[in-house]
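Comments concern the structure below.
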Amino acid sequence: LGFEGLSNSLGNPIFLKRWCTMKDRIKEIVKETLSEIDFICVEVNILVFKNNKKLKVVIYKKDGNISINDCSEVNNILRRKLDVFIPNFSENYDLIVESPGVNRKIKNLNELEIFIDREIEFFLKNNTPYNTKKTIGKVKKINGKELEIIDENNIKYKLNWDEITSAKLFFDIKKYL
């Protein structure tokens, strides 16, 4: 019998619990492995489609430079490790390893901490004490939800995460031309 035919005393399918456990186990293996090889795990997602599953991993390094070779190397290491600990991993999952991208949307405070000292474009709510709707700057300090940001004109902003409507990594190609 497959798991899809079993249910507990409440009539809930058992495979859902097993899937959540497997999903958590895969994520934990990915995070531990990345930590061991000095990469930062920005995001791990398991995407389930009709006929296949994808494990998408977004990686980062403190120096900020993620190359295609880094992604390939991490992909190979993760695949070997997951094949050992997750039965039939390679047969059941496509593994995608990628960098955060130059304009990645920052999803939460934990992610913002990863990108401390990187240029970030912040979009601010109307009720902030600053006379602007957006600023580009680097987060210098995070204390709970309180952020200290230094913008490109060396102006210091003290903001609460709740005063920010959105934030994304900022990349100005003109600085590299």
Side-chain angles (χ1 to χ4, degrees), residues 19-20 22-35 37-50 52-75 78 93-177:
W19 169 246
C20 289
M22 181 64 73
K23 187 176 181 179
D24 293 340
R25 187 169 174 211
I26 289 170
K27 287 182 176 187
E28 192 58 38
I29 291 168
V30 167
K31 289 176 183 178
E32 285 177 10
T33 303
L34 290 175
S35 178
I37 59 174
D38 291 327
F39 282 88
I40 299 166
C41 182
V42 176
E43 182 177 3
V44 181
N45 282 316
I46 297 174
L47 309 165
V48 180
F49 301 98
K50 191 173 184 177
N52 70 339
K53 297 177 206 157
K54 294 181 191 268
L55 173 60
K56 180 182 166 193
V57 180
V58 179
I59 61 173
Y60 188 69
K61 288 192 291 192
K62 265 301 172 200
D63 72 6
N65 298 316
I66 297 290
S67 69
I68 189 79
N69 289 336
D70 290 329
C71 293
S72 177
E73 178 185 342
V74 169
N75 186 302
L78 285 175
Y93 292 86
D94 293 328
L95 176 59
I96 303 162
V97 177
E98 58 189 33
S99 74
V102 294
N103 290 69
R104 178 183 178 80
K105 182 176 182 195
I106 308 295
K107 298 178 180 162
N108 54 49
L109 272 169
N110 291 334
E111 201 170 295
L112 188 62
E113 284 187 53
I114 292 170
F115 299 112
I116 255 181
D117 279 331
R118 282 279 311 265
E119 280 194 316
I120 298 173
E121 187 171 21
F122 294 93
F123 296 89
L124 310 178
K125 292 182 178 176
N126 291 333
N127 61 348
T128 63
Y130 305 100
N131 195 20
T132 186
K133 285 204 168 249
K134 87 173 185 177
T135 189
I136 298 166
K138 295 180 180 182
V139 175
K140 292 299 182 182
K141 192 170 156 184
I142 300 175
N143 185 11
K145 286 184 156 190
E146 301 299 318
L147 312 174
E148 186 176 298
I149 301 164
I150 306 293
D151 79 0
E152 53 202 351
N153 298 316
N154 220 23
I155 297 170
K156 185 188 286 187
Y157 289 77
K158 289 192 180 233
L159 293 166
N160 186 294
W161 177 251
D162 296 329
E163 295 176 311
I164 298 169
T165 57
S166 67
K168 66 179 185 168
L169 293 179
F170 181 77
F171 179 75
D172 184 3
I173 190 76
K174 293 177 216 156
K175 291 182 180 178
Y176 298 94
L177 297 177

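For this chain, numbers begin at 1 and follow the sequence in order.
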Residues at least two apart in sequence or cross-chain that pass salt bridge (Lys or Arg N to Asp or Glu O under 4.0 Å) with Lys140, listed by chain then number, are Asp117
Quick one: does Lys141's side chain get under 4.5 Å of Leu147's, heavy atoms only? no
Minimum-distance pair of heavy atoms, taken over all atoms of Ile66 and Ile59: CG1-O, 3.9 Å
Using side chain to side chain donor-acceptor pair (under 3.5 Å) as the criterion, list what pairs up with Asn126, not counting sequence neighbours. Lys133
Asn75: side chain to side chain donor-acceptor pair (under 3.5 Å) partners, not counting sequence neighbours: none
Glu146 meets the side chain to side chain donor-acceptor pair (under 3.5 Å) criterion, sequence neighbours left out, with Asn160
Suppose we screen for side-chain contact (heavy atoms from CB on, under 4.5 Å). Which residues come up paired with Thr165, at least two apart in sequence or across chains? Phe123, Lys125
Could you pull out every donor-acceptor pair under 3.5 Å between side chains of residues 150-159 and any protein atom, sequence neighbours left out?
residue : atom : partner : partner atom : Å
Asp151  : OD1  : Asn153  : N            : 2.8
Asp151  : OD1  : Asn154  : N            : 3.0
Asp151  : OD1  : Ile155  : N            : 2.8

With Ile37 via side-chain contact (heavy atoms from CB on, under 4.5 Å) - residues at least two apart: Leu34, Phe39, Val74, Ile77
With a 4.5 Å cut-off on side-chain heavy atoms, are Asp24 and Ile26 touching? no
Would you indicate whether the side-chain heavy atoms of Leu169 and Phe115 approach each other to under 4.5 Å? yes
Test side-chain contact (heavy atoms from CB on, under 4.5 Å) applied to Lys174 - qualifying residues, sequence neighbours left out: Asp172
Who passes side-chain contact (heavy atoms from CB on, under 4.5 Å) against Asn143, sequence neighbours left out? none
Quick note, salt bridge (charged side-chain N to carboxylate O under 4.0 Å, His left out) partners involving residues 93-109, not counting sequence neighbours, are Glu43-Arg104, Glu43-Lys107, Lys54-Asp94, Lys56-Glu98, Arg104-Glu111
Sorted by chain and number, sequence neighbours left out, side chain to side chain donor-acceptor pair (under 3.5 Å) with Lys138 holds for none
Hits for salt bridge (Lys or Arg N to Asp or Glu O under 4.0 Å) against Lys61, two or more places apart or cross-chain, chain-then-number order -> Asp70
